Amino acid sequence: MRLSRYFLPVLREDPKEAEIASHRLMLRAGMIRQEAAGIYSWLPLGFRVLKKIEAIVRREQERAGSIEMLMPTIQPAELWKRSGRYDDYGREMLRISDRKEHELLYGPTNEEMITDIVARFVQSYKQLPLNLFHIQWKFRDEIRPRFGVMRGREFLMKDGYSFDLTREEGEHAYNKMFVSYLRTFAAMGLKAIPMRAETGPIGGNLSHEFLILADTGESQVYFDAAFHEKDWRTFELDYDDPAAVAAVVDEFTSMYAATEEMHDEERFEREVPPERRVSGRGIEVGHIFFFGDKYSKPLGAKVLGPDGEEHHLQCGSYGIGVSRLVGAIIEAGHDENGIVWPEPVAPFQAGLINLRQGDEATDAACEGLYEKLANAGLEVLYDDTSERAGEKFVRMDLIGLPWQVIVGPRGLRDGVVEIKNRASGARENVPLDNAVDWLRQCLMG
RNA sequence: CGGGGCGUAGCGCAGUCAGGUCAGCGCAUCUGCUUUGGGAGCAGAGGGUCGCAGGUUCGAAUCCUGCCGCCCCGACCA
């Protein structure tokens, strides 16, 4: 992408309404624009990140055996009246009516709808297990939206739902999602610590939240420092092997970790040695629940079992805050100059900076590099504007692409370009002809 | 919903207490020239229903009333 043809409205100054880093940086880097309290437009750069995160979530869901579908944002109120949640959900639910005065609502979640779908089409235990997910916009009329996309009213969520015959099979489904969440967040360069959680309005008795540590997190958390030593990238396992999956869950739940609501100071002190007790702030990016027949009963979702009897389905639901993750990742990765994207979610893999647009040799080198990088399948944002070098450096640091290829007359006199790592600040002079291979090595490294 | 604050050019702000001389500043934008390896300099130009609606007054960004929007703290939450 040529920056001169792109739409990247960066702000030179901090917008006054943004207090925390991710919100400030998303506005400054031209990723989002606020339309109303807790409601945002996603500008091209922000949208690319959202799509990257979505793709990782989708890949890991499918790997764990979940099947993608899409349910609407608008739901009939009638479904929610049947589950009893129409009244329970309170003023957080955005209620609307159509021209015929039919009561509708903008979905805050989809347990009712998916259960209704499954109830209609699944009659036999032979059609189980079943795990369905979608990635769709939600609306919750929060009392106080804040922190940009971290607590918006409209937000993009992956929500998945599992359906099984027995409680045991249902818990296996829950465990699979537990492990897939570890994988999902690790694939984004994050360490998301699973913590025992309250079930809240969703109900049920088994639940974990996944939290990323960040000073600006909304949750107070307590955990064992042993989590810091864990290898978060070694969950290659057979999802159909209940024992193997349960072993990983056991491993990660054996260490103490709890949010404030579930924190037990006595247990914390008993189980964790003083030097390993950590307390801090965390951002919730995922939440999984197992709630048995809480919705399958009122919504009549049942199947015939091998015993010839009717059984209500054993269900769980599994959420990942996709749009919230954009903010959370920035909270976890930024410095005084701007965003520092982990490679897997960066809007572009590298930036190419032409320090002297209009200089024949520099232009030629940049154009050649840009073409070769594109041919190598790399996503590159090419700053071909005629602005000054200083502005280009500052802007490229702000938007935080993992690698910068810096091309100017000074280096070209020696036949080199500079390759800079955004996270470490390390720079390397690389012969022009080797730059593409070098960068590919960096990105694979 | 309780408490605090804000609304003046695209962004950041001054002006409001003490009504007139108040439509201002910096950055950004446009034109020209000079510059060009970490947010350039000079010269010129464009851009505002002062959140909205009433009211007071000879006169309102400024005073009064009502409304709307946004932010922060708290209670509540993907």
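Just so it is clear: chains get the letters A, B, ... in the order the sequence lines come, proteins before strands, and each one is counted from 1. All values derive from a computational prediction rather than experimental measurement.
- Residue A:K392 contributes atom NZ, which lies 12 Å from atom P of B:rG37 at whole-angstrom precision.
- Rounded to whole Å, the separation between the C1' atoms of B:rG20 and B:rG66 comes to 27 Å.
- For a distance-only test at 3.5 Å, the side chain of A:D14 fails to qualify as a donor-acceptor partner of the base of B:rG12.
- Applying the 4.0 Å criterion to OP1 and OP2 of B:rG39, one finds that A:R12 has every side-chain N and O outside that range.
- For the P atoms, the distance linking B:rG12 with B:rC64 amounts to 26 Å, nearest Å.
- Here the nucleotide nearest the side chain of A:E391, chosen from B:rC76, B:rU36, B:rG39, is B:rG39.
- Of the side-chain N and O atoms in A:Q34, one or more sit less than 4.0 angstrom from OP1 or OP2 of B:rC71.
- Taking only side-chain nitrogens and oxygens, A:R144 never comes nearer than 4.0 Å to OP1 or OP2 of B:rA75.
- Aromatic ring centres of A:H263 and A:F268 lie closer together than 6.0 Å.
- To the nearest 0.5 Å, atom CG of residue A:L443 and atom CH2 of residue A:W438 are 13.0 Å apart.
- Residue contacts for A:E17: at a heavy-atom cut-off of 4.0 Å it reaches the sugar-phosphate backbone alone, with no base atom in range.
- A side-chain donor-acceptor contact under 3.5 Å links A:R324 to the backbone of A:M150.
- Separating the CZ atom of A:R146 from the P atom of B:rC6 is a distance of 21 Å, rounded to the nearest angstrom.
- Checking the phosphate oxygens (OP1, OP2) of B:rC11, no side-chain nitrogen or oxygen of A:R33 falls inside 4.0 Å.
- Proximity of A:R140 to the phosphate of B:rC76: no side-chain N or O atom is located under 4.0 Å from OP1 or OP2.
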